[in-house]
Amino acid sequence: MSDGPLWSYKEIAAHIRVQPDSVRSYRKHGLLPAPDLVQGGRPYWRAEAIRAWAARRPGNRSRSGS
């Protein structure tokens, strides 16, 4: 596993331009990859895993046009 940064719901939401509650809903409905770490009951994901997931997710909002 890489030593890259870990993202919480907040960082994932900022990356894909949605609210953190939307990211929680994605996880609840099985649309988000399994977390790489759960600490104190809070899930965290490797940034590279989320970037890859975001690039292939349905409804992907391209960040290159801003």
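Keep in mind it's a predicted model, so treat the numbers as computed, not measured.
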* **Partners meeting salt bridge (Lys or Arg N to Asp or Glu O under 4.0 Å) with Arg24 (sequence neighbours left out)** => Asp21
Do the non-hydrogen side-chain atoms of [X] and [Y] ever get within less than 4.5 Å of each other?
| X | Y | result |
| --- | --- | --- |
| Arg27 | Pro35 | yes |
| Arg51 | Trp7 | yes |
| Trp45 | Leu37 | no |

* Side-chain donor-acceptor pair under 3.5 Å between Ser8 and Glu11, yes or no? -> yes
* **Which residues share a side chain to side chain donor-acceptor pair (under 3.5 Å) with Tyr44, sequence neighbours left out** => none
* Asked: Can you name the side-chain contact (heavy atoms from CB on, under 4.5 Å) partners of Ser25, sequence neighbours left out?
  -> His29
* Asked: Taking it one step at a time, do Trp53 and His15 satisfy side chain to side chain contact (heavy atoms under 4.5 Å, CB included)?
  -> CA-CA 11 Å; Trp53 167 81; His15 181 71; over 6 Å; no
* To do: Of all the heavy-atom pairs spanning Arg46 and Asp36, show the shortest one and how long it is.
  =>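 Closest pair (atom of Arg46, atom of Asp36, distance): N-OD2, 2.6 Å.
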* Applying side-chain contact (heavy atoms from CB on, under 4.5 Å) between Arg57 and each of Ile50, Leu32, Ile16, report the one that passes. =>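 Result for side-chain contact (heavy atoms from CB on, under 4.5 Å) with Arg57: Ile16.
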* ILVMFWY cluster, Leu6 and Tyr9 together (side-chain gap under 4.5 Å) ->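 No, because Leu6 and Tyr9 fall into different hydrophobic clusters, even though each may have its own neighbours under 4.5 Å.
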